There are 2 protein chains.
Amino acid sequence: MMAAIDSIVNELARRNITPSHQRVMIMKYLVENQCHPTVDQIFSALRQQIPTLSKATVYNTLNVLAEAQLVRVLSIEDNETRYDITTETHGHFKCSSCGRIYNFAVDVDRFVSGELRDFRITEKNVYFSGICPTCLGKAEKEKRR
Amino acid sequence: MMAAIDSIVNELARRNITPSHQRVMIMKYLVENQCHPTVDQIFSALRQQIPTLSKATVYNTLNVLAEAQLVRVLSIEDNETRYDITTETHGHFKCSSCGRIYNFAVDVDRFVSGELRDFRITEKNVYFSGICPTCLGKAEKEKRR
DNA sequence: TTCTAAGCTTAGAATCATTATAATTTCATT
DNA sequence: AATGAAATTATAATGATTCTAAGCTTAGAA
Ligand SMILES: [Mn+2]
Ligand SMILES: [Mn+2]
Ligand SMILES: [Zn+2]
Ligand SMILES: [Zn+2]
């Protein structure tokens, strides 16, 4: 699915973020690659289209987008920050075997008790980890032979 | 409340972790300081009692304890890992104004939809952030004068 | 007791993700 | 075309964590 450049440009402009070529391409990449990429993945992929691209620009842009709440920052593990264009609250499951990150729905309002009544909550993150069905299946097969 | 050295020694021994002086003191510190300290906080505090203590030992010990599931690792923000002696599942709220981290209860089973039925979940983290009541109160007072 | 080996601790070097800096480029406005 | 603010770039700096190699502890064997 092609990301509509125009809608990205508009979305950035609406928030007073200059829609530079680099910024638009980074947004486009995030829309087209919703696998929660790292800075390095974004940088390496885009470098082929924009040979002059600097990693600092990728960092700067992602910080600008996060500030504007156009991307969500995932600190699921503390050595690799990942980015998600989907900003609505949802949970993330990281498979410790294959490293893949899965989305899942969480009923946030349900599980927060009144305990946080007097807190102003601006961000909600739910991170699970373990083994995904695919990797569980592989392990099962291994055992059986 | 004094942490019972004996019970710490036993708990370590039960898991085949040699209860060295450094390890016991680090455990004891975590029991007595349940404010989710960073490696640096633990190191700086204990250095006064154990002048030869090395930061590498603090890292090594925390990794050993985490491996044995005696401490929980918090990656609430990706530049500072924190440690929690309470391993039962509970949520963490970080106030972006004062930096304090609050615990709160979460009804885990309630909010996990059947979506993850086929996943083996080994770790569950719930991280919220925003402004705590104390800081909200201060801001309110500021405005009023 | 002395010897030995395994496991722990230590200091400092190495790594690696992220941020800071300063020069250059882009681009809208005059 | 000239101006100037903002964005981009390359590179240096920072800082948390891990690695490495040497020294220390300790329990069991001789
Ligand atoms: Mn997601
Ligand atoms: Mn806690
Ligand atoms: Zn997997
Ligand atoms: Zn606060």
Side-chain angles (χ1 to χ4, degrees), chain A residues 8-9 11-29 36-68 70-83 94 99 101, chain B residues 8-9 12-29 36-68 70-83 94 99:
Chain A
I8 291 173
V9 169
E11 196 151 17
L12 289 174
R14 201 178 317 138
R15 304 188 194 223
N16 292 315
I17 298 169
T18 310
S20 69
H21 183 226
Q22 287 86 341
R23 286 175 175 169
V24 172
M25 293 306 276
I26 289 169
M27 274 284 271
K28 181 166 177 289
Y29 182 85
H36 315 96
T38 62
V39 166
D40 230 65
Q41 288 170 343
I42 300 169
F43 173 69
S44 302
L46 289 182
R47 186 136 223 224
Q48 304 188 29
Q49 306 169 46
I50 316 170
T52 62
L53 183 66
S54 162
K55 197 175 272 192
T57 298
V58 179
Y59 276 105
N60 289 338
T61 298
L62 290 169
N63 288 341
V64 166
L65 296 179
E67 191 79 27
L70 285 172
V71 304
R72 166 179 282 265
V73 180
L74 304 185
S75 305
I76 188 163
E77 281 189 62
D78 60 312
N79 57 330
E80 52 170 21
T81 304
R82 294 173 169 273
Y83 295 87
K94 172 157 188 175
I101 294 178
Chain B
I8 291 172
V9 169
L12 289 173
R14 202 179 315 140
R15 304 188 194 226
N16 291 315
I17 298 169
T18 309
S20 69
H21 183 225
Q22 288 85 343
R23 286 175 176 169
V24 172
M25 292 307 276
I26 288 167
M27 273 285 269
K28 181 166 177 287
Y29 181 86
H36 315 95
T38 62
V39 166
D40 230 65
Q41 288 170 345
I42 300 169
F43 173 69
S44 303
L46 289 181
R47 186 133 224 224
Q48 305 187 27
Q49 306 168 48
I50 315 169
T52 60
L53 183 65
S54 161
K55 198 174 271 190
T57 299
V58 180
Y59 276 105
N60 289 341
T61 298
L62 290 169
N63 288 341
V64 167
L65 297 179
E67 192 78 27
L70 285 173
V71 303
R72 165 178 281 266
V73 180
L74 305 185
S75 304
I76 187 163
E77 280 188 61
D78 61 313
N79 57 328
E80 52 171 19
T81 305
R82 293 171 171 274
Y83 296 87
K94 171 158 188 177

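In what follows, chains carry the letters A, B, and so on, assigned in the order in which the sequence lines appear, proteins first and then strands, with residues in each chain numbered from 1. Worth saying up front: this structure is predicted, and the values here are computed from it rather than measured.
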Value in whole Å for how far the [atom2] atom of [N] lies from [atom1] of [X]:
| X | N | atom1 | atom2 | result |
| --- | --- | --- | --- | --- |
| B/Q41 | D/dA16 | CD | P | 12 Å |
| A/Y83 | C/dA17 | OH | P | 12 Å |
| A/F43 | C/dC16 | CZ | P | 16 Å |
| B/E80 | C/dT19 | CD | P | 13 Å |
| B/L62 | D/dA16 | CG | C1' | 13 Å |
| A/E77 | D/dT18 | CD | P | 11 Å |
| A/N79 | C/dA17 | CG | P | 8 Å |

For this session: Evaluate the criterion side chain to side chain contact (heavy atoms under 4.5 Å, CB included) for residue pair A/I26 and A/V58; output intermediate values, then yes/no.
Result: CA-CA 7 Å; A/I26 289 169; A/V58 179; 4.3 Å; yes
Is the shortest side-chain N/O distance from [X] to OP1 or OP2 of [N] below 4.0 Å?
| X | N | result |
| --- | --- | --- |
| A/T81 | C/dA17 | no |
| B/S20 | C/dT9 | yes |
| B/Y59 | D/dT17 | yes |

For this session: Mind checking the CZ-CG spacing from A/R14 to A/L70? Nearest 0.5 Å is all I need.
Result: 9.0 Å
For this session: Find the distance between OG1 (A/T57) and NE2 (A/H21) and round it off to the nearest 0.5 Å.
Result: 12.5 Å
Exercise. Given the rule in the side chain to side chain contact (heavy atoms under 4.5 Å, CB included) test, do A/V73 and A/L62 qualify, once you have shown the distances and angles that lead to the verdict?
Worked result: CA-CA 9 Å; A/V73 180; A/L62 290 169; over 6 Å; no
Got a list of protein N/O to nucleotides 24-30 of chain C N/O distances below 3.5 Å?
none

For this session: State whether the side chain of B/R23 and the backbone N or O of B/T18 hold a donor-acceptor pair below 3.5 Å, judged by distance alone.
Result: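 The answer is yes, because a donor-acceptor pair under 3.5 Å joins these two groups.
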Exercise. Does any N or O in the side chain of A/R82 come within less than 3.5 Å of the main-chain N or O of A/L74, such that one atom is a donor and the other an acceptor?
Worked result: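 Such a contact is absent between A/R82 side chain and A/L74 backbone.
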For this session: Identify the two heavy atoms, one from A/I17 and one from A/A68, that lie closest to each other, and give their separation to 0.1 Å.
Result: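 So the minimum-distance heavy-atom pair works out to CD1-CB, 3.7 Å.
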Exercise. Minimum heavy-atom separation for B/V24 to B/P19, with atom names?
Worked result: CG2-O, 3.7 Å
Exercise. How would you list all residue pairs meeting salt bridge (charged side-chain N to carboxylate O under 4.0 Å, His left out) that involve residues 56-68 of chain B, not counting sequence neighbours?
Worked result: none
Exercise. For B/N63, which contact category applies under a 4.0 Å heavy-atom criterion: base, sugar-phosphate, or nothing?
Worked result: sugar-phosphate
Exercise. With a 4.0 Å cut-off on heavy atoms, is A/D40 in touch with a base, just the backbone sugar-phosphate, or nothing at all?
Worked result: nothing
Seminar exercise, completed: Stems field, DNA chain C, Watson-Crick or wobble, 3.5 Å, at least 3 pairs, by first number, holds C:1-30 with D:1-30
List the atom pairs, with distances to 0.1 Å, where a side-chain N or O of residues 42-55 of chain B and a protein N or O form a donor-acceptor pair under 3.5 Å, not counting sequence neighbours.
residue: B/S44; atom: OG; partner: B/D40; partner atom: O; Å: 2.8
residue: B/S54; atom: OG; partner: B/A56; partner atom: N; Å: 3.1
residue: B/K55; atom: NZ; partner: B/D40; partner atom: OD1; Å: 2.5

Problem set entry | side chain to side chain donor-acceptor pair (under 3.5 Å) partners of B/E77, counting only residues at least two apart |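 Expected list: B/K94.
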Tabulated below should be each protein N or O lying under 3.5 Å from an N or O of nucleotides 9-14 of chain D; please produce it.
residue: D/dT9; atom: OP1; partner: A/Q22; partner atom: NE2; Å: 3.3
residue: D/dT9; atom: OP1; partner: A/T52; partner atom: O; Å: 3.1
residue: D/dT9; atom: OP1; partner: A/T52; partner atom: OG1; Å: 3.0
residue: D/dT9; atom: OP2; partner: A/S54; partner atom: N; Å: 3.2
residue: D/dT9; atom: OP2; partner: A/T57; partner atom: OG1; Å: 2.8
residue: D/dT9; atom: O5'; partner: A/T52; partner atom: O; Å: 3.1

Exercise. Nearest to the side chain of B/T18 - D/dA6, C/dG7, C/dT18?
Worked result: C/dG7
